[in-house]
Amino acid sequence: MAFDHRKYRACQPIPKPDRRWPDRIIQQAPQWCAVDLRDGNQALIKPMDVAQKQRLFDLLVKLGYKQIEIGFPAASQPDFGFCRKLIEEDRVPADVHIQVLTQARDDQIERSFEALAGAPQAIVHVYNSTSRVHREKVFGLDRAGVREIAENGARRVQELAAEHPETRWTFQYSPESFSATELDYALEVVDAVTAIWRPDQGQNVIINLPQTVEMGPPNLFADQIEWMHDHLARREHFSISVHTHNDRAGAVAAAELAVMAGADRVEGTLLGNGERTGNMDLVTMGMNLYAQGVDPEIGFAGMAEIVDVVESCTEIETHPRHPYAGELVFTAFSGSHQDAIRKTLNQQRDDAYWDVAYLPIDPSDLGRRYEEVVRINSQSGKGGVAHILERAYDVNLPRWLQIEFAKVVQQEAEGTGREVDAPTVHALFQRDYLQTPPGWELKTYDLSRTDEGVRAQVCVGDASVELQGQGHGAVEAVASALQQRYGIALAVEAYEEFALGEGTNANAMACIRVQVDGDPYSAAALAEDTTSATLQALLSAVARRVAAAELDTAAVM
Ligand code: KIV
Ligand code: ZN
């Protein structure tokens with residue numbers, strides 16, 4: 001069939017002179033309901049077994065979800081069994097409501113009450129589809145006929161609840177495919193349901209307005225929610241919930257705008273598993289709030305555990321670029337990003353608002369390490385290489401050495417065509433700069449001040465070769481000794497020394513860049529004190545020249 005856009009209808013805007021939601025921001029977390037064990041489970045190739053359901057339920061409880069839809073017991077024996085297990089083994093914490101889904105049919109509602117028998121508190125979630133396409137093409141019923149299904153279901157729920165007063169009941173109604181239902185009709189059906197349940201007389205009620213299939217933009221859904229919020233009878237006596245799906249990749253946006261438009265509650269699943277493209281992702285929406293300074297009231301700090309449990313229960317891998325949870329979402333490969341991250345991360349104070357380039361939130365809040373923020377491939381630059389050495393090895397390179405060493409790393413990345421991991425970066429640094437060439441180890445040094453400056457006496461290598469020289473400082477004195485000894489023109493261009501933190505045997509590190517006979521050589525050294533480190537770096541740099549000139553060290557000495 002031809003690829004032809006004319007077969008699709010455009011969304012119609014809702015005339016709304018009183019639109020208020022665009023001026024709002026979310027200042028408080030909505031009530032959350034996790035539907036992983038029902039909607040998420042219904043969408044799996046292999047639905048969860050009891051052990052998987054229990055593991056995911058326990059995780060949801062641990063994270064802080066207080067409303068958890070545990071299944072569709074009237075339609076599934078495993079779901080019925082799981083519901084009974086939770087209740088009979090007393091596995092539901094006192095502040096958690098379990099919720100079960102049922103169609104608005106007497107037999108299903110009755111079976112659902114059997115599943116929930118003995119629960120201290122529970123939400124019975126009854127639904128029927130109200131959209132035009134369902135009415136006309138699935139049920140063959142008119143508006144009144146479909147409204148009656150909802151009303152009958154509501155009455156049966158009420159009757160059965162009255163027979164089981166030992167449970168604190170909350171009634172939830174969903175006009176399934178609400179977003180594809182004419183607004184005046186959705187209002188008629190929901191008002192008919194609340195006229196039976198009477199939330200204004202004390203019954204706990206949730207009206208859940210689903211975007212069963214996401215067919216329009218999030219702003220249109222927000223308009224629908226605000227319209228319902230403004231027109232529903234008894235509105236102040238019940239919660240409006242939204243349940244969005246991700247067919248156009250806007251489930252989170254739709255839910256957020258819906259909350260701005262008056263919704264009190266949001267249903268979704270961890271990492272967005274669910275029918276077709278998935279349900280609204282609770283992790284993303286919760287973390288979006290967190291990133292705006294709003295407490296989501298859910299603990300996402302152990303993101304690795306969330307990913308692990310969800311993956312093992314759904315048998316679906318998390319995309320590496322999944323917001324907040326994917327392996328690569330806090331990682332920069334590009335040189336300019338790495339440089340900006342390193343600079344801004346180094347300036348971030350603990351007591352200040354988060355203000356780091358390219359990182360919308362602090363990865364450590366989710367248990368991620370700063371080392372993983374920067375990864376090196378052929379696109380990377382000096383900032384990234386410096387970041388790796390600083391964060392993982394406590395090595396702070398001066399800028400000139402960052403530039404020089406970044407070329408070494410880039411060569412490696414280009415040569416292998418692969419990522420260069422942190423141990424390899426360190427090994428390359430070791431190989432090209434830090435390693436003391438054999439026979440060039442600084443054994444001892446003795447510095448004395450004379451009228452002409454500093455006199456240095458240095459023992460080098462196993463043969464304990466002694467060098468003597470004079471200069472303004474120790475480096476100059478040893479450089480002059482090396483110059484005389486090897487007959488080279490030696491100029492020290494730059495050197496830097498710094499103390500090291502705990503965790504290494506050495507206390508100091510030095511980096512040096514010299515010109516020998518017009519050619520540049522750099523080296524670095526670790527030692528117990530800064531002078532030893534600098535002198536060793538100088539010796540190593542000259543040794544590189546000696547090696548390059550294929551001079552036989554022993555012979556020269
Ligand atoms: O997507 C949907 O509409 C549902 C309902 C049953 C709430 O899952
Ligand atoms: Zn759904």
Side-chain angles (χ1 to χ4, degrees), residues 30-44 47-48 67-76 79 97-105 108-109 111-112 115 123-135 138-139 146 149-150 153-154 157 170-183 185-186 189-190 193 205-216 218 221 224-225 228 238-252 254-255 258 263-282 284-285 314:
Q31 299 166 47
W32 304 109
C33 175
V35 299
D36 307 63
L37 298 164
R38 196 279 298 171
D39 215 354
N41 189 48
Q42 282 184 301
L44 293 175
M48 287 175 238
Q67 300 180 31
I68 302 175
E69 192 164 71
I70 56 165
F72 194 163
S76 144
D79 282 13
H97 282 75
I98 50 172
Q99 171 172 318
V100 302
L101 181 73
T102 168
Q103 286 181 359
R105 280 176 25 195
Q108 284 208 2
I109 294 170
R111 183 80 173 141
S112 303
I123 305 170
V124 187
H125 178 189
V126 57
Y127 80 97
N128 65 310
S129 192
T130 51
S131 68
R132 185 197 45 75
V133 70
H134 268 89
R135 293 193 313 264
V138 182
F139 308 135
V146 169
I149 296 177
V157 165
T170 297
F171 302 158
Q172 174 167 330
Y173 174 68
S174 290
E176 197 208 23
S177 59
F178 156 78
S179 58
T181 302
E182 306 87 327
L183 276 177
Y185 180 60
V189 175
V190 173
V193 168
V205 171
I206 298 165
I207 295 298
N208 185 47
L209 302 176
Q211 190 165 48
T212 303
V213 181
E214 187 186 34
M215 305 270 283
F221 186 61
Q224 292 174 321
I225 298 300
M228 291 294 279
F238 57 83
S239 300
I240 290 187
S241 172
V242 290
H243 173 113
T244 57
H245 280 266
N246 204 34
D247 301 81
R248 295 165 49 113
V252 170
D264 312 289
R265 179 184 188 266
V266 171
E267 294 195 344
T269 61
L270 291 176
L271 305 176
N273 172 48
E275 300 281 6
R276 304 176 307 282
T277 49
N279 280 74
M280 203 294 307
D281 175 11
L282 291 169
T284 301
M285 181 163 173
T314 60

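Side chains included, hydrogens not; waters and symmetry mates left out as well; all remaining heavy atoms used. Nothing here was measured: the structure is a model prediction, and the numbers come from that model. Numbers for residues simply follow the sequence, beginning at 1. Atoms within a ligand are numbered from 1 in the order they appear, just like the ligands themselves.
Of the residues listed (His245, Arg276, Arg248, Glu275), the one engaging Val213 in a side chain to side chain contact (heavy atoms under 4.5 Å, CB included) is Arg276, and it is the only one.
Looking at His243 next to ligand 1, an N or O pair under 3.5 Å apart turns up. The shortest N or O to N or O distance between His125 and ligand 1 is not below 3.5 Å. Between His245 and ligand 1, a contact under 3.5 Å exists for at least one N or O pair.
Atoms of ligand 1 lying under 4.0 Å from any heavy atom of Pro210, numbered from 1 in the order shown and given with element: 3 (O). Counting the atoms of ligand 1 from 1 in the order shown, those under 4.0 Å from a heavy atom of Asn208 are 7 (C). Ligand 1 places these atoms under 4.0 Å from at least one heavy atom of Ser174: 7 (C). Distances below 4.0 Å separate heavy atoms of Asp39 from the following atoms of ligand 1: 8 (O). Near Glu176, the atoms of ligand 1 lying under 4.0 angstrom from a non-hydrogen atom of the residue are 3 (O).
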Exercise for review: Let me see the working for Ile207 and Leu209 under side-chain contact (heavy atoms from CB on, under 4.5 Å), right down to the final yes or no.
Suggested key: CA-CA 6 Å; Ile207 295 298; Leu209 302 176; 3.8 Å; yes

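Under the 3.5 Å distance criterion, the side-chain polar atoms of Thr170 are left unmatched by any main-chain donor or acceptor of Ile123. Although no hydrogens or angles enter the test, the distance criterion places no donor-acceptor pair under 3.5 Å between the side chain of Asp264 and the main chain of Ser239. Within the 3.5 Å criterion, the main-chain N or O of Ala74 finds no donor-acceptor partner in the side chain of Gln108.
Looking only at atom types and distance, the side chain of Gln172 has a donor-acceptor partner in the side chain of Arg265 under 3.5 Å away. For Thr277 and Asn246, the side-chain atoms include no donor-acceptor pair closer than 3.5 Å.
Put simply, no part of Glu275 is less than 4.0 Å from ligand 1, judged by heavy atoms. The shortest heavy-atom distance from Gln211 to ligand 1 is not under 4.0 Å.
Scanning the protein heavy atoms around atom 5 (C) of ligand 1, the nearest turns out to be Arg38 NH2, 4.0 Å. When only non-hydrogen protein atoms are considered, atom 3 (O) of ligand 1 lies nearest to Thr212 OG1, 2.6 Å.
Comment: Glu182 engages Arg135 in a salt bridge, judged by a side-chain N to carboxylate O separation of less than 4.0 angstrom.
Of all the N, O or S atoms in His243, the one closest to the Zn ion (ligand 2) is NE2.
Minimum interatomic distance between Thr130 and Ser177 (heavy atoms only, all atoms of both residues): N-OG, 3.8 Å.
Among the atoms of Asp39, an N, O or S atom falls under 2.8 Å from the Zn ion (ligand 2).
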